Protein chains: 2
Amino acid sequence: MNTLDWNQLSAAEQAAALRRPALEQSGREAQVAGIITKVREGGDAALLDLTRTLDRAERDTLELTEAEITAASERVDDELKAAIELAIGNIEAFHRAQLPTPVIQDTSPGVRCELHFQPITKVGLYVPGGSAPLVSTVMMLAIPARLAGCERVVLCSPPPINDAIVYTAKRCGVDAIYALGGAQAVAAMAYGSETVTKVDKIFGPGNAWVTEAKQQVSSDVDGAAIDMPAGPSEVLVIADEFADADFIASDLLSQAEHGPDSQVILVTPSRDFAARVDEALARQLTALSRADIARRALSESRTFICSNLEQAAEISNAYAPEHLIVQTENPRALLPRLKNAGSIFLGAWTPESVGDYASGTNHTLPTYGYARTYSSLGLADYQRRYTVQELSPQGLRAIGPAVELLAATETLDAHKNAVTLRLAKLEKQA
Amino acid sequence: MNTLDWNQLSAAEQAAALRRPALEQSGREAQVAGIITKVREGGDAALLDLTRTLDRAERDTLELTEAEITAASERVDDELKAAIELAIGNIEAFHRAQLPTPVIQDTSPGVRCELHFQPITKVGLYVPGGSAPLVSTVMMLAIPARLAGCERVVLCSPPPINDAIVYTAKRCGVDAIYALGGAQAVAAMAYGSETVTKVDKIFGPGNAWVTEAKQQVSSDVDGAAIDMPAGPSEVLVIADEFADADFIASDLLSQAEHGPDSQVILVTPSRDFAARVDEALARQLTALSRADIARRALSESRTFICSNLEQAAEISNAYAPEHLIVQTENPRALLPRLKNAGSIFLGAWTPESVGDYASGTNHTLPTYGYARTYSSLGLADYQRRYTVQELSPQGLRAIGPAVELLAATETLDAHKNAVTLRLAKLEKQA
């Protein structure tokens with residue numbers, strides 16, 4: 001890791017050291033727009049054609065049949081099914097605990113204001129393909145959708161879809177599985193086709209094509225909303241000399257193996273500890289199947305030597321990491337100082353990978369500094385909040401004159417008149 | 001109003017009748033991008049220059065001084081101050097009731113998952129200028145910011161800023177008031193200048209320049225997040241023959257006077273009632289100062305005659321109105337059927353204008369069909385949700401093997417190794 005002494009850096013150098021690399025412009029705007037147009041105009045036929053040419057997969061139908069789902073599920077071995085079951089139990093427990101309670105508040109006598117929650121009607125989930133079946137992505141996206149009460153939950157993944165993905169989708173209550181990938185999958189869910197349900201909101205990660213397509217459909221009011229902006233995965237670790245260097249090295253490598261653009265940062269007050277982590281990294285790297293990817297990510301990684309843990313917290317707050325691991329003598333003591341992180345992992349026995357798979361928290365998190373304003377994916381992202389109000393005659397008498405005056409101040413006569421008419425009627429009735 | 005019999009329309013005609021007019025392309029993309037570049041490069045000097053040329057206002061400073069604020073506040077009359085006070089009390093009460101409680105859940109023994117809430121650090125509020133001082137906008141944007149705990153709350157409004165806006169901003173705890181309008185105000189808050197605080201998120205309505213600038217800064221990761229997409233204001237009213245035609249006409253006019261592009265829809269099973277509303281509209285229109293605007297909006301408005309109230313709810317759900325007024329014999333009975341509305345007003349004594357000003361609900365609502373996925377503005381929009389997790393050795397022993405298997409399935413060795421190393425260490429300790 002590249003080791004820098006934080007307090008030797010100027011403010012400008014500190015800012016530069018925390019800067020993420022510029023996001024590559026997708027350069028695919030026009031191509032993706034072309035795919036979206038094809039899908040909107042050609043429907044199922046266009047989707048099957050795009051699947052043939054882009055995914056090189058021959059299928060006659062887009063939706064997996066019950067027979068295909070059953071056959072795929074039977075091919076998943078029982079040990080994996082048991083692990084999935086354990087993860088589902090924890091993810092369900094934590095997301096069920098997020099179910100909101102309506103707010104009902106009388107703000108004045110006779111003036112009742114309410115905040116209610118409603119599921120988004122139809123949602124679409126995207127699960128990338130590739131060699132590794134991302135069963136965790138299926139669980140993280142589908143479980144809160146079902147708990148939130150969405151009426152229809154559909155899932156797209158490029159063919160051939162791995163059996164474990166099919167099994168997990170079915171197990172998590174997904175209503176329809178489409179063998180569709182890339183920009184064409186996003187377009188299909190945003191605008192619908194003869195077979196594919198048009199959804200209100202699209203969730204899930206993807207490559208540059210998927211990301212660009214999500215961006216485009218979300219800026220079209222006839223398209224679909226999306227979960228959050230995308231960016232490369234990242235971790236920041238705060239550790240002191242009480243941490244286990246082997247554990248920290250394994251956590252840094254968990255991030256580094258995601259991709260060569262993964263961001264890996266260690267912040268520690270102990271120069272000696274940083275050196276021990278470097279040794280452990282070298283040792284562990286040799287055993288990894290994705291060592292090349294991890295090595296490239298580590299070549300861009302940084303260790304900051306800081307004065308103390310308070311300063312470590314400030315550095316983390318300035319960076320706003322997706323994942324924040326805290327392995328110190330008393331990690332919970334630092335929690336009140338920690339801001340702008342997507343998910344925080346406390347203590348030696350809480351590696352990031354538990355949250356990626358099975359502790360119960362969601363692994364869909366804001367990256368690239370978006371943690372300053374965006375939230376960790378949760379049940380709330382599958383619902384909408386709306387207000388309800390009801391005034392009694394007493395309530396209108398109490399606040400009506402203030403509304404009349406405020407409306408008059410804003411020169412909105414009709415707003416005022418809607419109250420004046422009613423107060424006059426109440427006057428007559430009295 | 002243009003009256004249509006819903007059940008005489010084909011499905012395509014029904015969809016067309018609910019379609020909103022296409023949003024005018026701003027055509028200002030390049031000009032707004034130019035203003036943003038000027039502000040980023042020129043800072044305060046550029047802002048003062050733009051204010052001179054675009055707003056035709058001469059000022060030496062951007063921020064209002066304490067002396068200016070005090071003088072402006074003293075010029076606001078006491079009756080208006082009392083109305084503002086009443087509104088603030090109700091808005092505070094309803095938004096305070098929205099303060100969230102952290103979720104703490106042990107998903108398995110020794111596996112603790114938590115959901116916490118944190119204020120967004122710095123927020124910027126935009127209040128449009130013009131002849132009418134939008135004091136309600138100040139209250140709706142600033143009160144939840146302060147209750148959420150945002151560290152810094154700043155406000156921009158084009159000069160000269162009306163005294164009532166200055167007074168209300170100060171009263172609601174805004175930290176700094178900048179005499180800045182249009183795209184340059186949005187750029188200043190998104191990127192900062194010598195005087196203007198760079199904020200994390202920008203809230204508030206505005207004209208086409210402001211809307212375009214918000215769009216542009218929100219798609220730049222170095223810019224700022226924004227509250228929600230913009231669109232013209234709209235109301236849908238569900239009424240039966242028990243409603244008061246004068247009341248309904250006054251509510252429709254409250255919407256129509258906002259602007260010629262305001263959307264006004266009445267849905268009723270009673271043809272006779274619809275005719276009575278038309279008469280009341282004609283009567284009330286003559287007395288309005290903004291009658292011309294209202295008349296133009298009404299020329300595009302629609303009344304749908306439907307079979308019954310259940311069908312009225314379906315029509316409303318398909319349209320997804322910003323404001324939904326229900327004046328029927330038993331309005332609350334219809335509530336469980338109502339979806340996709342920003343704010344719902346129940347009963348004869350609850351005109352939309354009470355929610356616009358003083359009942360306590362927020363008047364910042366999703367328009368243009370965005371109510372299908374976006375929420376009514378609330379305390380939650382000024383906070384971010386993040387997760388925390390902590391495992392004990394027992395917790396890791398319980399879920400570690402499942403994490404190892406799931407990570408191996410996804411071919412992420414290092415993710416698996418982070419658990420394996422720790423389980424081995426626990427084994428040795430035992």
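The figures that follow rest on heavy atoms only: side chains count, while hydrogens, waters and symmetry mates do not. For clarity, every value in this text was computed on a predicted model and none was experimentally measured. Throughout, a chain's letter reflects where its sequence line sits, starting with A, and its residues are numbered from 1.
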[X] portion near chain B, given a 4.5 angstrom heavy-atom threshold:
X: A/A408; answer: neither
X: A/L285; answer: neither
X: A/D356; answer: side chain
X: A/K122; answer: neither
X: A/Y370; answer: side chain
X: A/A348; answer: backbone
X: A/L115; answer: both
X: A/T411; answer: both

Working for side chain to side chain contact (heavy atoms under 4.5 Å, CB included), residues B/I399 and A/S359: CA-CA 7 Å; B/I399 74 169; A/S359 63; 4.3 Å; yes

Contact part of [X] toward chain A, heavy-atom cut-off under 4.5 Å: side chain, backbone, both or neither?
X: B/L335; answer: side chain
X: B/A97; answer: both
X: B/D244; answer: side chain
X: B/Q284; answer: side chain

Any sub-3.5 Å donor-acceptor pair from [X]'s side-chain atoms to [Y]'s backbone N or O?
X: A/E79; Y: B/L405; answer: no
X: A/T373; Y: B/D200; answer: no
X: A/R384; Y: B/S375; answer: no

[Y] versus [X], side-chain donor and acceptor atoms under 3.5 Å:
X: B/N417; Y: A/S250; value: no
X: A/T361; Y: B/Q389; value: yes
X: B/D413; Y: A/S289; value: yes

For chain A, which residues of residues 88-95 of chain B have heavy atoms nearer than 4.5 angstrom: B/N90, B/A93, B/F94

Residue-level contacts of residues 99-107 of chain B with chain A, using a heavy-atom cutoff under 4.5 Å: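 Listed by number, the contacting residues are B/V103, B/Q105, B/T107.
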
Quick one: which of [options] has the most heavy-atom pairs under 4.5 Å with chain A, could you say?
options: B/K425, B/Q383, B/Q118; result: B/Q118
options: B/A87, B/G130, B/A371; result: B/A371
options: B/V111, B/L421, B/L406; result: B/L406
options: B/D246, B/V354, B/V123, B/L252; result: B/V354

Using a cut-off of under 4.5 Å on heavy-atom pairs, state which of [options] scores highest against chain B.
options: A/S108, A/P401, A/S353; result: A/S353
options: A/A83, A/A402, A/C113; result: A/C113
options: A/A341, A/G355, A/G369; result: A/A341

Basic-acidic side-chain contact under 4.0 Å: [X], [Y]:
X: A/E257; Y: B/K416; answer: no
X: A/D222; Y: B/R20; answer: no
X: B/R290; Y: A/E410; answer: no
X: A/R422; Y: B/E352; answer: no

Residues that B/R372 engages under salt bridge (charged side-chain N to carboxylate O under 4.0 Å, His left out), provided they are two or more places apart: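 Result, salt bridge (charged side-chain N to carboxylate O under 4.0 Å, His left out) vs B/R372: none returned.
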
Side chain to side chain contact (heavy atoms under 4.5 Å, CB included) between A/H258 and B/H415, intermediate numbers included: CA-CA 10 Å; A/H258 269 302; B/H415 281 67; 3.2 Å; yes

Residue pairs, two or more places apart or on separate chains, that pass ring-ring contact (aromatic ring centres under 6.0 Å, His included) and touch residues 340-363 of chain A: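 Those involving residues 340-363 of chain A are A/F247-A/W349.
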
CA sep, side-chain torsions, deciding dist, call: B/N362, A/T387, side chain to side chain contact (heavy atoms under 4.5 Å, CB included): CA-CA 8 Å; B/N362 207 294; A/T387 52; over 6 Å; no

